Every structure is written in structure tokens, then in C-alpha cells.
2 protein chains.
Amino acid sequence: MSSRRVLPGKSPTSRPGPEGGRRDANRRARTDDLARAALSLFLERGIEAVSIDEIASAAGVAKGSFYTYFHDKADLVQALLEPVASSLRGAFSRCAERLEAANARNDRDALAMSYLALAVDIRDLFEAEPLVARLYLQECRGPANGARAPVASVAELIRGAALRLTEVARAGGLLRDLDTRVTAAAMVGASEHLCMRVLSGEDFGDLSNAMTVLVTLVMEGLGPRASTREVGA
Amino acid sequence: MSSRRVLPGKSPTSRPGPEGGRRDANRRARTDDLARAALSLFLERGIEAVSIDEIASAAGVAKGSFYTYFHDKADLVQALLEPVASSLRGAFSRCAERLEAANARNDRDALAMSYLALAVDIRDLFEAEPLVARLYLQECRGPANGARAPVASVAELIRGAALRLTEVARAGGLLRDLDTRVTAAAMVGASEHLCMRVLSGEDFGDLSNAMTVLVTLVMEGLGPRASTREVGA
DNA sequence: ACATACTTTGACCGCTCAGTCATGGTTTGT
DNA sequence: ACAAACCATGACTGAGCGGTCAAAGTATGT
């Protein structure tokens, strides 16, 4: 699972030049420069606080050149997130297929392994794209306005998938009969926070260790084999 | 635990007028108006995206009046958060005391009850100040720059306390020998996400239900009585 | 009663910003 | 070879913003 390029939000309309040609290569390089510069600045100051001029300057291009490749800041954010969003869609999709097969066979272990495979997929993705993952985690709780709207879209994707997958886990007997929405939210929250801390480079151990704790937490905390000790509220 | 007033960041230097007098009452009302207006706008658009003019306008005062009561936006955010931050400090402090007493008696049940009492304290606080809690949760992951710096300070307070408390839980035998930082992060993450979803009013059940799931998750997922089934990574 | 600090207002000011576009150079397709 | 699209540049434009402050009204302390 190699990282994929950020694509420009805007392309020439009639004569883009041959693939691999001068203009094509130039567009790739410029897009990359802008994306990289923006990502770094966004992580440092937040999406909203960074100006187009600063991004262009940090990328080493003129301000007007920014608009050759992107419509506006939101367009750039969208482009930054798209490779990760696409991979996430793929991961959730593969997990859904594995779950379907496991359910058809009434195979509870295969069910559990589907979720574990998903966790590994997500771990791999975040490790391949740590900075984009961090940006997502940093911004995904903010309101979906302005340049942050693309981030909110990815959050919606993840939320929906977590809910669906949690529902399947419950129906398949992996989780007790607790409120699915609450359970899904707890899992998303815990995993995001762990990833965020790990990816921030705080001498926090690696993502696999964090994932292990998370899976333990879920399987034993919410699974049907839990002890009879129940803490009342 | 009643909610407390937001205090102005700026006060008159020589003749504030008598407590309860015309000017005192006026300052309270204006401060409240500004705080309320700002809070609403911040939740809708994020702290950074809201201008001083918008806050003043929404509060029904002239723009220059904003500066009568607050130095700048960060000052207002600080004032908004202070009552909640103060209560959190109190809650953590009370929990620490209860833990100390339980540890002195080697009383494991009292240890567990200390954490439960903390969860109840935090639930009560968030229910008393839902909008401020939501603002905190929305913004606490962002970089600590500009008007968001006071939010980051509260996040630091919570992170530090969670780590300390998790360490005590581990030493007291409530949690297995997993990495304390990871465990603390998972708990903070899960609880924040749950609170955020509940407080957003998404037909998500109440905070007590969410807290119950969270406590179950922790006590059974990470406690020493966990089943021998271990999911490898 | 009076002097003075407080309060309110909103026009003003200088600065920043997103987006535009004229100009000139480069690449492509015919 | 040539026409035309593409590309880069940065000055320009109008809008928006934070903060200031003169002028006038109000509350307070002596």
C-alpha cells in the first residue's frame, strides 16, 4: 500500500500536453509542492489560519500560480485528503465483504478477524500517510465550513462506516447488546485519540501497540464474555 | 453544581462603581451578552472564523464596546472556558484525594469508586455547561495558536490529569500492566467523542448512558479480570 | 453640585487577504 | 514554422478585519 499522489484541483481545458511531457511533469511537481507546503502549515496553525499567499510562498511559487492548480483552499484540502479517503473507502469495503462471507458461514472467529484486518488496514494507511492522518484528526471535530468542509466529509464517511460495522459485530455476537451508536462512537473516539497521539511523535510507542490496546479494550470490554461484575450508573 | 458567570477580561481601573450598582450590573449583562453570542457563533463556525464585529453585532453592542470588556478574542475564549476549567480542576483534585485515602487503606473498591465519582462529576459539569463543553471538544485538537490557545491549555490540564489518574489505577491494581499513556489516551478519546456526540443533540441518548458504556469498556476491557483470550497484533 | 471616570458609538485607519489579470515566456499540436 | 494554449509572475483591487478614538451621554465619589 504505497502512498498516492495528490492531484490538482484544476487542469488545462484543451491542450494539457502529453502524459510524462514537460507540462504534465511540471503540474505534478507544482501540485506536490503546494500540497506539501500547505500540509505542513495546516498542521502547525490549523487550516483556517493559513493564507494562500503563505502556502504559495512556502511552496516557492507565485501567488497567482496557486490558482493555476487549485480553485481555492477548500479545493486543496479536498485534494490532500482524497488519497486517504479513497483508501479508507477501500478498507471499509473489504471489511464489509469479509464480514458478509463470515456471516454466511456463521463463523464468529472469521467475524472477529475481519475487524482485526480492518484495524491493520487503517494502521497501515495512517503509517503510510502520517501527516494527512494527523491533519484529519486535528480538524475533524471542527464545523464543516469553509476550507474545512472536505475534512467533515471524511469524518462522516468514517462515522457511517463505524456504525455499520458495529451493527454487524453486534448482530454477529461479538458485542453485547449495548447501544450501537454509543459503542461505535467510543471506538472511533479512542482510536482517533490514540492515532493522534502516536502520529504527533510524542514518544508514544508505535501504532501497532496502540491498536493492540484498542482491540483488547473492545473485545474484552464490550464482548459477550465479559465478567459479571457490572458497574452501575 | 450551578453554572458560574463568565467574568470580563477587563475592568475599570479606578471607579468601577458599587457592587450591584448600575455599572456593575451593566458590566455583568454586557459580558454575558458577548459571551453568549460568541459561544453560539464559535460552535457554528469555529473560533478562528468568527470576527469581533460579528460577536459584537450578535450581542447587540457596538464594536468598540467589545474592547471595553475584553482585550481580544483569546481573552474572551479564556473567560468562556474558565468556569469549566476551574470545575475540572476541582473534580480532579477531589478524585486525587479520594484515591489517596483509598490507597492508604489498600481498598480496591474505594479506588474504583473514586473514578466513578470523577465520571459523575464530569458528567454533571458537562450537563451544566453543555455549550462550553461542546466548544472545548470541538476545538481541543487544533493547534494552540491565536484565540485557540486557552482551549489548548484546558486540553493539557485534562491530559495531565488523565495520565496521573491512570497511573494510580494501574498501581492500585485496577488496570493491567498496559502502557499507561496509551490507556489514558484511549480513555480520554472515547469519553470526549461520546460527550461530543451526546452534547451535539443527535438523538444519541443521555450522558449517563454513554458514561456507563465507557466505564464498562474500561473496567472490563483493561481490568485485571479480563478473560485469557488475547487478540494478537 | 460638580469633576471625573466610565460607557457607548461607529467612522476611521492601516493592514491583510482572496482573487484577478496584463505581460511575457514556454510548450504543444497542427 | 506558426498559432494558440499553457504557465509564471506579482502588482492591483476591493473587501474584510482588528483596534483606535473623538464626541457625547451616564454614573459615581467627593
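Because the structure is predicted, anything quoted here is derived from the model rather than measured. Proteins get letters first, then strands, A, B, ... in listed order; numbering begins at 1 in each.
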Review point. Between dC17(D) atom C1' and I55(B) atom CD1, what is the distance in whole Å?
Key: 12 Å

Point to revise | Nearest-angstrom distance from the residue atom CD of E19(A) to C1' of dT27(C) | key: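 Value for this atom pair: 17 Å.
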
Check your understanding: What distance separates S57(A) OG from K63(A) NZ, expressed to the nearest 0.5 Å?
Key ->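 One gets 11.0 Å once the value is rounded to the nearest 0.5 Å.
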
Study note, to complete from the structure: Under a 4.0 Å heavy-atom criterion, the protein footprint on nucleotides 18-30 of chain D, written with B, S and -, is BBB-----BBBS-

Point to revise | Identified side chain to side chain contact (heavy atoms under 4.5 Å, CB included) counterpart of C140(B) within the set E156(B), M196(B), E192(B), R159(B) | key: E192(B)

Exercise for review: Scan L81(A), L137(A), V154(A), L125(A) and name whichever one has a side chain to side chain contact (heavy atoms under 4.5 Å, CB included) with V132(A).
Suggested key: L81(A)

Check your understanding: Counting distance only, does the side-chain N/O of Y115(B) pair as donor-acceptor with the main-chain N or O of L165(B) below 3.5 Å?
Key -> yes

Review point. Is the side chain of S40(A) donor-acceptor paired with the backbone N or O of R36(A) at a distance under 3.5 Å, no angle test?
Key: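 Absent.
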
Exercise for review: Applying salt bridge (Lys or Arg N to Asp or Glu O under 4.0 Å), run through R170(B) and E167(B) and close with a yes or a no.
Suggested key: CA-CA 5 Å; R170(B) 210 175 72 139; E167(B) 191 56 61; 3.7 Å; yes

Review point. Residues two or more places apart in sequence or in another chain: which of them pass side-chain hydrogen bond (donor to acceptor under 3.5 Å, both in side chains) with D72(A)?
Key: none

OP1, OP2 of [N] versus side-chain N and O of [X]: anything below 4.0 Å?
X: S14(A); N: dA4(D); value: no
X: N26(A); N: dT26(C); value: no
X: S57(B); N: dG10(C); value: no

Check your understanding: Looking for any heavy atom pair under 4.0 Å, which part of the strands does Y69(A) touch: base, sugar-phosphate only, or nothing?
Key ->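 Sugar-phosphate contact only.
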
**Study point:** DNA chain C-proximal residues of residues 27-41 of chain B, any heavy atom under 4.0 Å
**Key:**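 Here the set is R27(B), R30(B).
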
Point to revise | Neighbour count above 12 (heavy atom, 6.0 Å) for R89(A) CZ | key: yes

